[in-house]
Amino acid sequence: MFDFEKVQGYMKKWQDILRLRDWDIKLEFVTKEWRKTGDVKIDQADKTAILLINNHNPKVTNIEEVIIHELLHIKLWGMDQMIENLLHCVYGEDESDPKLEFAATQFMEMLEVTTQDLAKAYRDLGADDKSVCFGRIQQQADEEWK
């Protein structure tokens, strides 16, 4: 599994590169079954965040890219919240409304794709580990041949 000090070093490196120096970010390893490799919990008003990394059964191996991806979510958090609020202004608060559900799903998918594209670009520009991880798609390919 991942070495905490090494992962924390990546977090500090990319926190500086992404100009998140004014944020207090804590790294935590998740050591039980979890469907994600990484996640971030954000308090924008306090400029604090907890970066969660799956150290039990990660879905990808390039942990530096995961760190970059999660830190980019902090960078994009204000825009993320603005769009979510806009969706609720337009479609209302009823989470079961198919129009709201459609718009929110489209937005979240686009946010993830954009964040991952940016993470790959930063990985290629300055990561120690520039390897591409095929994670989910490799799992699908492996299951195809079972």
Side-chain angles (χ1 to χ4, degrees), residues 1-20 23 25-44 48-146:
M1 291 300 133
F2 303 121
D3 174 68
F4 187 86
E5 297 301 319
K6 186 172 186 174
V7 174
Q8 191 161 31
Y10 287 145
M11 186 185 76
K12 295 292 183 192
K13 169 186 171 180
W14 287 100
Q15 183 178 355
D16 189 52
I17 291 169
L18 295 172
R19 302 175 59 90
L20 295 167
W23 281 75
I25 305 172
K26 181 169 101 171
L27 174 66
E28 287 187 11
F29 275 177
V30 176
T31 57
K32 60 183 183 179
E33 189 66 31
W34 191 31
R35 65 179 180 82
K36 298 179 177 182
T37 297
D39 197 7
V40 64
K41 304 301 178 192
I42 300 168
D43 181 342
Q44 187 174 14
T48 57
I50 299 174
L51 200 151
L52 302 166
I53 296 295
N54 185 337
N55 205 33
H56 177 73
N57 61 338
K59 310 301 183 249
V60 299
T61 55
N62 188 336
I63 193 60
E64 189 172 9
E65 184 177 322
V66 173
I67 296 292
I68 296 166
H69 178 101
E70 297 307 332
L71 291 175
L72 283 167
H73 276 298
I74 296 172
K75 196 74 175 166
L76 298 170
W77 186 252
M79 188 173 16
D80 174 340
Q81 294 303 290
M82 181 198 69
I83 299 289
E84 282 191 35
N85 288 333
L86 176 63
L87 290 175
H88 287 291
C89 287
V90 171
Y91 297 107
E93 298 293 329
D94 181 6
E95 298 291 330
S96 65
D97 179 352
K99 291 181 225 160
L100 173 60
E101 184 181 346
F102 173 78
T105 299
Q106 294 300 306
F107 165 65
M108 291 307 293
E109 286 178 7
M110 187 55 65
L111 175 65
E112 274 305 305
V113 166
T114 302
T115 303
Q116 188 56 28
D117 282 347
L118 289 168
K120 288 176 181 179
Y122 277 111
R123 177 201 65 208
D124 291 348
L125 286 171
D128 294 339
D129 182 356
K130 293 183 181 358
S131 65
V132 175
C133 182
F134 292 91
R136 292 178 295 196
I137 196 70
Q138 185 64 58
Q139 183 180 3
Q140 290 175 11
D142 293 346
E143 288 174 7
E144 181 76 21
W145 301 112
K146 282 186 181 181

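Quick caveat, the model's predicted, so the values are computed rather than measured. The residues of the chain are indexed from 1 along the displayed sequence.
- Residues W14 and L72 are not in side-chain contact: their nearest non-hydrogen atoms beyond the backbone lie 4.5 Å or more apart.
- Across all non-hydrogen atoms, the minimal contact from M11 to L27 is SD-CB, 3.9 Å.
- Between K26 atom NZ and I50 atom CD1 the span is 4.5 Å, to the nearest 0.5 Å.
- Here the closest heavy-atom approach between residue Y91 and residue A103 is recorded as CE1-CB, 3.6 Å.
- Listed for the N54 side chain is a donor-acceptor partner under 3.5 Å among the backbone atoms of W34.
- Residues H88 and E93 approach most closely at CB-OE2, 3.3 Å, considering heavy atoms.
- Atom-to-atom distance recorded for T115:OG1 and I74:CD1 is 11.5 Å, nearest 0.5 angstrom.
- Atoms CG and CD1, from L51 and I42 in turn, are 9.0 Å apart once rounded to the nearest 0.5 Å.
- Taking all atoms of both residues into account, the shortest heavy-atom contact from A49 to V40 is CB-CG2, 4.0 Å.
- Of the candidates I63, V66, T61, C133 forms a side-chain contact (heavy atoms from CB on, under 4.5 Å) with just one, namely T61.
- For M108, the CE atom counts as densely surrounded, since its 6.0 Å shell holds more than 12 non-hydrogen atoms of other residues, nucleotides or ligands.
- Surrounding OH of Y122 are at most 12 heavy atoms belonging to other residues, nucleotides or ligands under 6.0 Å away.
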Check the pair H73, L111 against side-chain contact (heavy atoms from CB on, under 4.5 Å), reporting the backbone distance first and the verdict last. CA-CA 9 Å; H73 276 298; L111 175 65; 4.3 Å; yes

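- More than 12 non-hydrogen atoms from other residues, nucleotides or ligands lie less than 6.0 angstrom from NZ of K130.
- For F4, the CZ atom counts as densely surrounded, since its 6.0 Å shell holds more than 12 non-hydrogen atoms of other residues, nucleotides or ligands.
- Inter-residue side-chain proximity for L118 and K75 is flagged as unmet; no heavy-atom pair is nearer than 4.5 Å.
- The line from CG of L71 to CD1 of I25 is 5.0 Å long, rounded to the nearest 0.5 Å.
- Within the 3.5 Å criterion, the main-chain N or O of Y10 finds no donor-acceptor partner in the side chain of E64.
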Which is it for T105 and E101 under the side-chain contact (heavy atoms from CB on, under 4.5 Å) test, yes or no, and what are the steps along the way? CA-CA 6 Å; T105 299; E101 184 181 346; 4.3 Å; yes

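- Within a 6.0 Å radius of NZ in K36, other residues, nucleotides and ligands contribute more than 12 heavy atoms.
- Taken from NE2 in H56 to CD in E33, the straight-line distance is 5.0 Å, to the nearest 0.5 Å.
- Atom OG1 of T37 and atom CG of N55 lie 10.5 Å apart (nearest 0.5 Å).
- Minimum interatomic distance between F2 and V60 (heavy atoms only, all atoms of both residues): CZ-O, 4.0 Å.
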Show, in sequence, the C-alpha distance, side-chain angles and deciding distance for I67 and I53, and conclude whether the side-chain contact (heavy atoms from CB on, under 4.5 Å) test is met. CA-CA 8 Å; I67 296 292; I53 296 295; 3.8 Å; yes

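- Shown here for E65 and A119, the closest heavy-atom pair between the two residues is O-CB, 4.2 Å.
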